[in-house]
Amino acid sequence: MLDPKLIRNDLEGTAEKLERRGFKLDSEKLATLEAERKKLQVETQDLQSLRNNSAKSIGRAKASGEDVAPLLAAVADLGDKLKDVELRLNDIQQQLNEILMGVPNVPHASTPLGIDENDNQEVRRWGEPTELGFEPRDHVDLGAGLGQMDFETAVKIAGSRFTLLSGPLARLHRALTQFMLNMHADEHGYRETYVPYLVNSDSLRATGQLPKFGEDLFRMGDDGDYYLIPTAEVPVTNIVRDEIIEADRMPLKFVAHTPCFRSEAGSYGKDTRGMIRQHQFEKVEMVQVVRPADSYNALEELTRHAERILRELVLPYRVVSLCTGDLGFSAAKTYDLEVWLPGQQKYREISSCSNFEDFQARRMKARWRDPEAGKPQLVHTVNGSGLAVGRTLVAVMENYQNVDGSITVPEALRPYMGGLEAIR
RNA sequence: GGAGAGGUGGCUGAGUGGUCGAAAGCGGCGGUCUUGAAAACCGUUGAGGGUUUAUCCCCUCCCAGGGUUCGAAUCCCUGCCUCUCCGCCA
């Protein structure tokens with residue numbers, strides 16, 4: 001959420017910055033509502049003050065045995081007046097809040113200007129696109145050839161956009177998860193966490209999925225206010241919701257492996273082949289809760305942590321800085337990691353690392369005790385995939401394929417595969 | 001699922017419808033004493049918001065949302081959560 005103070009003090013400047021990401025802020029409406037809010041709030045508080053004082057005098061008069069009838073008469077209509085103003089104030093505040101909850105984050109100054117993904121900037125590249133020396137097959141053909149990846153049966157069991165893995169390929173999928181978790185927990189200093197896969201709407205509002213993006217989520221039926229998580233970011237970041245963190249505990253670094261569930265409404269016809277875009281996929285997610293001054297360093301660090309996985313697996317990739325127009329709703333700056341897929345002859349997103357600054361923290365009321373400020377201050381949140389497991393499996397399959405259709409197991413994963421050197 | 005008890009500041013825990021944002025203790029912070037520390041003693045110590053240059057002042061918050069009342073932490077209703085017993089269960 002935007003700082004409401006920006007609306008009062010720098011409405012035009014904020015509107016201009018939001019325009020960079022293609023968002024039109026209704027400044028006129030906001031200014032009108034804000035003026036009305038101010039007026040009604042002052043009025044409400046005056047009436048409340050009057051009520052408090054009257055009630056106290058009545059109490060005192062009663063205690064000393066005086067006749068309170070005239071005092072009661074004096075405040076006879078106060079209650080109705082107050083209720084009326086309170087209702088109007090409430091209404092205005094709700095309108096303001098509704099608008100604010102729908103406003104995306106302001107892009108950071110270093111986020112490149114642009115309209116869509118074509119304007120994203122390549123920041124660096126690691127490795128060269130894999131040269132196999134034969135016509136590469138994509139993961140779907142490879143998986144089918146091995147008899148270990150079966151979309152038809154997944155359709156029977158659930159529907160489209162699901163995958164069934166079996167045998168060594170299923171184990172490779174698990175090996176990737178363990179490898180990533182161990183790396184971040186043991187070498188990068190993240191605290192491993194196990195979290196709920198169902199969350200309530202408060203949590204989704206806090207990280208920014210609600211109210212705007214409800215159609216991307218799977219919602220549970222009649223049984224309470226539950227949604228399947230679209231990413232571990234939601235349960236993990238919400239650990240600090242409504243908390244005030246002591247300065248010496250900062251930064252907090254969490255890593256979690258969870259399944260993720262996305263309805264993929266609005267992506268009909270996109271990536272329908274294979275396991276690139278699924279309703280259910282596994283992801284290892286890193287989350288950092290940091291001091292505001294440290295958040296951009298934290299973003300660089302966390303991005304490197306995600307890259308480390310690709311390097312250890314020797315998968316060629318590039319890092320892309322998302323432009324203002326391609327930025328996610330809650331992010332101020334985002335690096336995407338794109339891995340080379342020989343089957344598509346393209347770099348494809350495998351991780352997304354973002355700094356949300358205080359956008360999520362404000363919605364979440366996540367604060368820390370800043371010794372400088374003397375008052376609790378909002379934290380910054382930074383997160384990123386480290387990595388999307390399904391897509392990493394695809395990348396391993398396609399980059400490590402052999403001409404006979406077998407797949408060499410990357411060195412780093414062999415300890416997790418019982419020493420297996422190739423999947424055939 | 002059934003029956004009962006309960007949700008108060010960082011924690012423990014008082015609170016009769018009327019200066020109660022709330023006693024007391026612990027913890028934290030500052031100080032006195034001390035070479036230093038401990039102990040003891042003294043002081044201080046919740047969050048959010050409005051107005052203001054700032055101080056002051058004012059408002060809201062005792063799980064959440066409604067209600068009763070001139071006045072609610074306290075009374076009533078609904079929801080959520082926790083605990084105990086029984087049942088069921090990986």
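So that the names make sense, note that chain A is the first sequence line, chain B the second, and so on, each numbered from 1.
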Checklist line | N-O pairing of Arg362(A) and Asp3(A) below 4.0 Å | finding: yes
Checklist line | is_close_aromatic(Phe151(A), Phe162(A)), centroid dist under 6.0 Å | finding: no
Checklist line | Sub-4.0 Å heavy-atom contacts from residues 357-369 of chain A onto RNA chain B, ordered by number | finding: Arg367(A), Arg369(A)
Next item on the list: Measure from the ring center of Tyr227(A) to the ring center of Phe218(A) and say whether it is less than 6.0 Å.
Entry: no
Next item on the list: Return the nearest nucleotide to the side chain of Lys38(A); candidates are U51(B), G48(B), C70(B).
Entry: U51(B)
Item checked: Set of residues satisfying salt bridge (Lys or Arg N to Asp or Glu O under 4.0 Å) with respect to Asp141(A), sequence neighbours excluded -> Arg273(A)
Item checked: Residue pairs passing the ring pair (Phe, Tyr, Trp, His ring centres under 6.0 Å) test where at least one lies in residues 246-275 of chain A, sequence neighbours excluded -> none
Taking only nitrogen or oxygen atoms into account, show me every contact under 3.5 Å that the protein makes with nucleotides 63-65 of chain B, one pair per line with its distance.
none

Check: Taking the six-membered ring for Trp, are the ring centroids of Tyr296(A) and His108(A) within less than 6.0 Å of each other?
Finding: yes
Check: Do Lys333(A) and Leu299(A) come within less than 4.5 Å of each other through their side chains, counting heavy atoms only?
Finding: yes
Check: Of the nucleotides C70(B), G48(B), G49(B), which one has an atom closest to the side chain of Lys62(A)?
Finding: C70(B)
Item checked: Arg304(A) bridged to Glu300(A) by N-O distance under 4.0 Å -> no
Check: Is Glu307(A) salt-bridged to Arg311(A), cutoff N-O under 4.0 Å?
Finding: yes
Next item on the list: Mind checking Lys83(A) for me? I need base, sugar-phosphate or nothing, with any heavy atom below 4.0 Å counting as a touch.
Entry: sugar-phosphate
Notebook entry, point to check: Are Glu264(A) and Arg262(A) ion-paired here, with the side-chain N under 4.0 Å from a carboxylate O?
Noted result: no
Atom pairs, protein N/O to nucleotides 56-62 of chain B N/O, distance under 3.5 Å:
from, atom 1, to, atom 2, distance (Å)
C58(B), O3', Ser49(A), OG, 3.4
C59(B), OP1, Asn52(A), ND2, 3.1
C59(B), O3', Gln48(A), OE1, 3.1
C59(B), O2', Gln48(A), OE1, 2.6
U60(B), OP1, Arg51(A), NH2, 2.7
U60(B), OP2, Asn52(A), ND2, 3.4

N/O-N/O pairs, protein side and nucleotides 76-82 of chain B side, under 3.5 Å:
none

